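Some notes on the structure that comes next.
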Amino acid sequence: MRRPLLAAATLAAAAALLTGCAFGDDWSQPHARPSAVGEPGAGFVDPSSPPTPEATVTPRPGSWSGVRPSADYRVVLLTSGDDRPTRTLVTAVEEWAEDEDVDLRTVTADGPSDILPAVDRAIGMHPDLVVGAGDDLVDPLATVTPSHLSQQFLVVGAELAEPTHNVTAVDWTGGSFRGEGLGASSTYDPDSFTAARCAAAVRAGVAAVLSGWTGIVLWVDDF
């Protein structure tokens with residue numbers, strides 16, 4: 001007679017655990033405002049002479065390594081294209097998210113006609129940060145981001161020509177695409193998108209966003 005009661009109690013407990021996990025994963029629910037755990041090291045940005053909007057700064061290699069996001073950081077990886085540099089960037093974001101226990105979701109554009117809708121889908125999820133990977137995203141992001149100033153964006157391996165304060169970018173020699181018809185800071189080199197550089201770029205960019213240094217370009221030739 002006691003076994004059915006025990007089984008029912010066990011099932012109820014399991015259901016409660018599952019419900020709790022589902023609630024925690026529900027992005028429609030509010031959560032604590034994310035913050036930086038740790039702070040950038042010396043040479044990341046000079047606080048006594050802060051960069052102006054749209055400025056390019058060259059942080060000291062590794063000066064971003066002491067910064068990670070607080071718990072329940074919600075990130076959407078927005079990606080377009082299947083070229084090797086884009087795949088390397090995607091892997092770097094995924095590995096960073098796993099290392100830092102970030103709640104990561106991915107929105108992939110299904111061809112050129114889906115890029116703007118994909119950007120809208122990413123913004124509509126209301127993440128703490130949208131990370132863009134893929135040169136095809138630059139022009140659409142330049143169009144959309146000024147209308148969503150409360151949403152933070154990070155572009156890795158490319159940059160927007162005239163970013164608003166909510167768009168931060170990480171570039172290097174070989175990866176500085178600024179949009180169709182616009183000059184770049186360096187000649188494009190797909191071989192510059194190494195796993196190590198992309199991993200460092202993601203961490204540097206997130207450290208900048210979390211620390212409030214947004215609307216600038218970080219240049220990471222050395223990492």
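Note that the coordinates shown come from a computational prediction; the quantities given were computed from them, not determined experimentally.
- Residues in residues 189-200 take part in these side chain to side chain donor-acceptor pair (under 3.5 Å) pairs, two or more places apart or across chains: Trp172-Ser192.
- For the atom pair Ile216 CD1 and Thr52 OG1, the distance stands at 9.5 Å (nearest 0.5 Å).
- Here CG of Leu129 is found 8.0 Å from CG of Leu210. Values are rounded to the nearest 0.5 Å.
- Contact of the Leu137 side chain with the Phe153 side chain is not registered, since no non-hydrogen atoms from C-beta on lie closer than 4.5 Å.
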Item to check | Leu141 vs Val155, side-chain contact (heavy atoms from CB on, under 4.5 Å): CA-CA, chis, key distance, verdict | outcome: CA-CA 9 Å; Leu141 285 173; Val155 180; 4.0 Å; yes

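- A side-chain donor-acceptor contact under 3.5 Å links Asn166 to the backbone of Gln151.
- Minimum interatomic distance between Phe44 and Leu218 (heavy atoms only, all atoms of both residues): CZ-CD1, 4.1 Å.
- If you take OG1 on Thr106 and CG on Leu104, they are separated by 4.5 Å, rounding to the nearest 0.5 Å.
- Atom CZ of Arg203 has more than 12 neighbouring heavy atoms from other residues, nucleotides or ligands inside a 6.0 Å radius.
- Using a 4.0 Å cut-off between a side-chain N of Lys or Arg and a carboxylate O of Asp or Glu, Asp171 and Arg178 do not qualify as a salt bridge.
- For Ser70 (side chain) and Ala36 (main-chain N/O), no donor-acceptor pair under 3.5 Å exists by modelled atom type.
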Checklist entry - Could you go step by step and tell me if Val170 and Phe223 meet the side-chain contact (heavy atoms from CB on, under 4.5 Å) rule? => result CA-CA 12 Å; Val170 187; Phe223 54 92; over 6 Å; no

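- The number of heavy atoms from other shown groups lying within 6.0 Å of CZ (Arg60) does not exceed 12.
- The closest side-chain heavy-atom distance from Val206 to Val67 is not below 4.5 Å.
- Remark: side-chain polar atoms of Asp128 are not paired, donor with acceptor, to backbone N or O of Val75 under 3.5 angstrom.
- Side chains of Pro190 and Asp83 form no contact here, defined as non-hydrogen atoms less than 4.5 Å apart.
- Among all heavy-atom pairs drawn from Ala158 and Val138, the shortest one is CB-CG2, 3.7 Å.
- Here the closest non-hydrogen pair linking Trp213 and Pro47 is CH2-CA, 4.2 Å.
- Atom OG of residue Ser211 and atom CD of residue Glu39 lie 8.0 Å apart, to the nearest 0.5 angstrom.
- Counted within 6.0 Å of CG on Asp46, heavy atoms from surrounding residues, nucleotides or ligands total more than 12; the atom is thus considered enclosed.
- You'll find the side chain of Pro53 stays beyond 4.5 Å of the side chain of His165, heavy atoms only.
- Remark: Phe193 CZ to Thr88 OG1 distance equals 8.5 Å, nearest 0.5 Å.
- Val209 and Leu77 fall within a single hydrophobic cluster, where Ile, Leu, Val, Met, Phe, Trp and Tyr are joined by side-chain heavy atoms under 4.5 Å apart, directly or via other members.
- What you find for Thr86 and Gly134 is that their closest heavy atoms are OG1-CA, 3.6 Å.
- Across Val130, Val107, Leu78, a single residue satisfies side chain to side chain contact (heavy atoms under 4.5 Å, CB included) together with Met125, and that is Val107.
- Here the closest heavy-atom approach between residue Ser63 and residue Ala42 is recorded as CB-O, 3.8 Å.
- Contact of the Thr164 side chain with the Leu149 side chain is registered, since non-hydrogen atoms from C-beta on lie closer than 4.5 Å.
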Item to check | Chi angles and distances behind the side-chain contact (heavy atoms from CB on, under 4.5 Å) call for Asp221, Thr58 | outcome: CA-CA 8 Å; Asp221 269 351; Thr58 304; over 6 Å; no

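- Side-chain contact between Pro127 and Gln152 is absent, with no heavy atoms from C-beta onward closer than 4.5 Å.
- Taken from CG in Leu160 to OG1 in Thr168, the straight-line distance is 10.5 Å, to the nearest 0.5 Å.
- Between Pro51 and Val45, some side-chain heavy-atom pair lies under the 4.5 Å cut-off.
- When all heavy atoms of Trp64 and Ala200 are compared, the pair lying nearest together is NE1-O, 3.7 Å.
- The side-chain heavy atoms of Val131 and Val202, taken from C-beta on, include no pair separated by under 4.5 Å.
- For the pair His148 (side chain) and Ile123 (backbone), a donor-acceptor distance under 3.5 Å is absent.
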